[in-house]
Peer 1: 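The structure follows.
Being a predicted model, the structure only gives us computed values, none of them experimental. So you know, we letter chains A, B, ... as the sequences are listed, proteins then strands, and number each from 1.
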There are 2 protein chains.
Amino acid sequence: MNQTIVELLQRHELRKTAMRGEVLKIFLEAGKQAITHPELEQRLPDADRITLYRTLKAFEDKGLIHQVVDSGNATKYALCNDACTEHRHHDEHAHFHCNDCGKTICLDSITTSTIQVPRGFKVQQTHLVLEGTCNNCEN
Amino acid sequence: MNQTIVELLQRHELRKTAMRGEVLKIFLEAGKQAITHPELEQRLPDADRITLYRTLKAFEDKGLIHQVVDSGNATKYALCNDACTEHRHHDEHAHFHCNDCGKTICLDSITTSTIQVPRGFKVQQTHLVLEGTCNNCEN
DNA sequence: TAGACAAATGCAACAATATTGCAAGTTAAA
DNA sequence: TTTAACTTGCAATATTGTTGCATTTGTCTA
Ligand SMILES: [Mn+2]
Ligand SMILES: [Mn+2]
Ligand SMILES: [Zn+2]
Ligand SMILES: [Zn+2]
């Protein structure tokens, strides 16, 4: 298990297990691209489905990945930036969902700005999802 | 079946059936609040689950309701405004999802504005989801 | 108003996604 | 090395969604 992975797990108070190492490796390789549970299953054929669910949950709880709101059916996850911790996520950026290839990517450059809401409402988090055709599918 | 409901179905080229009447009635009563499939099942205990799915699909296709992107697990739907047709939806507004009561409502007053995306990306639709505490749960 | 025809429904079967409980194995810390 | 807490794998179960097909219903036209 490479050094970056070990450090990331430790910094987020996650025990260093084989499964977590492999899953985190996949997220690091995916970079800005969000990943679904089925994709992980495919890339780790020997991994137990249920443990995968729990791994994702643990990663999310500890601020290592964030859930991506998306018009698709299956939940997607992507790597957080360094600022996210167990106590607070800082994923104030938009996501782009391509209707052609189905990929969803984090657009860190687009931050979700504060929006005026009706009286009595309190906003804790904002999700901005852009749907269309990605630069790879556009020609 | 009341007159408003009959007119709405006809305007959207939907055959007037008992099931559709009841489902549409629930949407009209819900107003700005989005509804999930399970909620419909609960409110219409005699309705067939599968037919409900197809009813929602038909309503969406014909521009009567729109799907609401949400951080929850189950898909939500809400009434469209009059401008939506079979050929095009015009649901460029934000949605508020309350983490306390779980309700999701349409915020028609907040329209999704155009956002500058990276080169090569083409945006077809924008979803803006605000998550927090609604005016009813706040105290 | 009585067919004809297309559309909608109900049921069965199945697929995909997700949660819980528990025993056994593993990790980290003392 | 021992211990305690955490993680895993498996079974069972729940939830959400899709497809095929025979039957019923709604709408249109003669
Ligand atoms: Mn992201
Ligand atoms: Mn809406
Ligand atoms: Zn694409
Ligand atoms: Zn609320």
Peer 1: To the nearest Å, give me how far apart CG (A:Asp48) and P (D:dA12) are.
Peer 2: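 Rounded to whole Å, this separation is 14 Å.
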Peer 1: What's the separation between atom CD1 in A:Ile65 and atom CG in A:Leu24, rounded to the nearest 0.5 Å?
Peer 2: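 Separation between the atoms: 9.0 Å.
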Peer 1: Rounded to whole angstroms, how far apart are NZ on B:Lys16 and P on D:dC28?
Peer 2: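 Spelled out: NZ on B:Lys16 to P on D:dC28 is 10 Å.
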Peer 1: Is it true that the side chains of B:Thr36 and B:Glu39 contain a donor and an acceptor less than 3.5 Å apart?
Peer 2: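 Indeed, the side chains of B:Thr36 and B:Glu39 share at least one donor-acceptor pair under 3.5 Å.
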Peer 1: Can you confirm whether or not the ring centre of B:His97 sits under 6.0 Å from the ring centre of B:His95?
Peer 2: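 No, the ring centres sit 6.0 Å or more apart.
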Peer 1: Establish whether the base of D:dG17 is bridged to the side chain of B:Arg54 by a donor-acceptor pair shorter than 3.5 Å.
Peer 2: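 Counting by modelled atom types and ignoring angles, no donor-acceptor contact under 3.5 Å is found here.
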Peer 1: Where each residue is assigned the nucleotide of DNA chain C containing its nearest heavy atom, which of B:Arg20 and B:Ile50 is assigned the position nearer the 5′ end?
Peer 2: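 Taking each residue's closest nucleotide, the earlier one in sequence belongs to B:Arg20.
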Peer 1: What is the separation between atom CG on A:Asp46 and atom C1' on D:dT8, rounded to the nearest whole Å?
Peer 2: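 Going from A:Asp46 (CG) to D:dT8 (C1'), I get 14 Å.
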Peer 1: Hey, what else clusters with B:Val68 if you join Ile, Leu, Val, Met, Phe, Trp, Tyr whenever side-chain heavy atoms sit under 4.5 Å?
Peer 2: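 Noted: B:Val68 shares its cluster with no other residue.
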Peer 1: Going by distance alone, is a donor N or O of one side chain under 3.5 Å from an acceptor N or O of the other, for A:Glu92 and A:Thr126?
Peer 2: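 Not at all, the side chains of A:Glu92 and A:Thr126 share no donor-acceptor pair under 3.5 Å.
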Peer 1: For A:Thr17, answer base if it contacts any base atom (sugar-phosphate contacts may also be present), sugar-phosphate if it contacts only those atoms, and nothing otherwise; contact means non-hydrogen atoms under 4.0 Å.
Peer 2: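 Here A:Thr17 touches the backbone only, sparing every base.
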Peer 1: Would you kindly compare B:Ala18 and B:Thr75 by the position of their nearest DNA chain D nucleotide and give the one closer to the 5′ end?
Peer 2: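 Per heavy-atom nearest nucleotide, the more 5' residue is B:Thr75.
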Peer 1: Atom CG of A:Leu9 and atom P of D:dT7: how far apart are they, to the nearest Å?
Peer 2: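 Rounded to whole Å, this separation is 11 Å.
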Peer 1: How would you give the extent of chain A contacts on DNA chain C, as first and last nucleotide 5' to 3' within a 4.0 Å heavy-atom cut-off?
Peer 2: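 With heavy atoms of chain A under 4.0 Å away, the range is C:dT17 to C:dA28.
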Peer 1: Check this for me: does the side-chain of A:Arg49 come within 3.5 Å of the base of D:dG9 through a donor and an acceptor?
Peer 2: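 No such pair is found, so the answer is no.
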Peer 1: Nearest-nucleotide wise, let me know which of B:Gln10 and B:Glu41 is further upstream toward the 5' end of DNA chain D.
Peer 2: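 The residue whose closest nucleotide sits nearer the 5' end is B:Glu41.
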Peer 1: To the nearest 0.5 Å, tell me how far A:Lys32 NZ sits from A:Leu107 CG.
Peer 2: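 One finds 10.0 Å between NZ of A:Lys32 and CG of A:Leu107.
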Peer 1: Let me know the distance between NZ of B:Lys57 and P of D:dT19, rounded to the nearest Å.
Peer 2: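 The answer, rounded to whole Å, is 10 Å.
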Peer 1: Are the charged groups of B:Arg43 and B:Glu29 less than 4.0 angstrom apart, N to O?
Peer 2: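 So B:Arg43 pairs with B:Glu29 through a salt bridge.
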Peer 1: In whole angstrom, give the distance that lies between atom CD of B:Glu39 and atom C1' of D:dT16.
Peer 2: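 Roughly 14 Å, once rounded to whole Å.
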Peer 1: Expressed as a whole number of angstroms, how long is the span from A:Leu56:CG to D:dT7:P?
Peer 2: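 That distance rounds to 14 Å.
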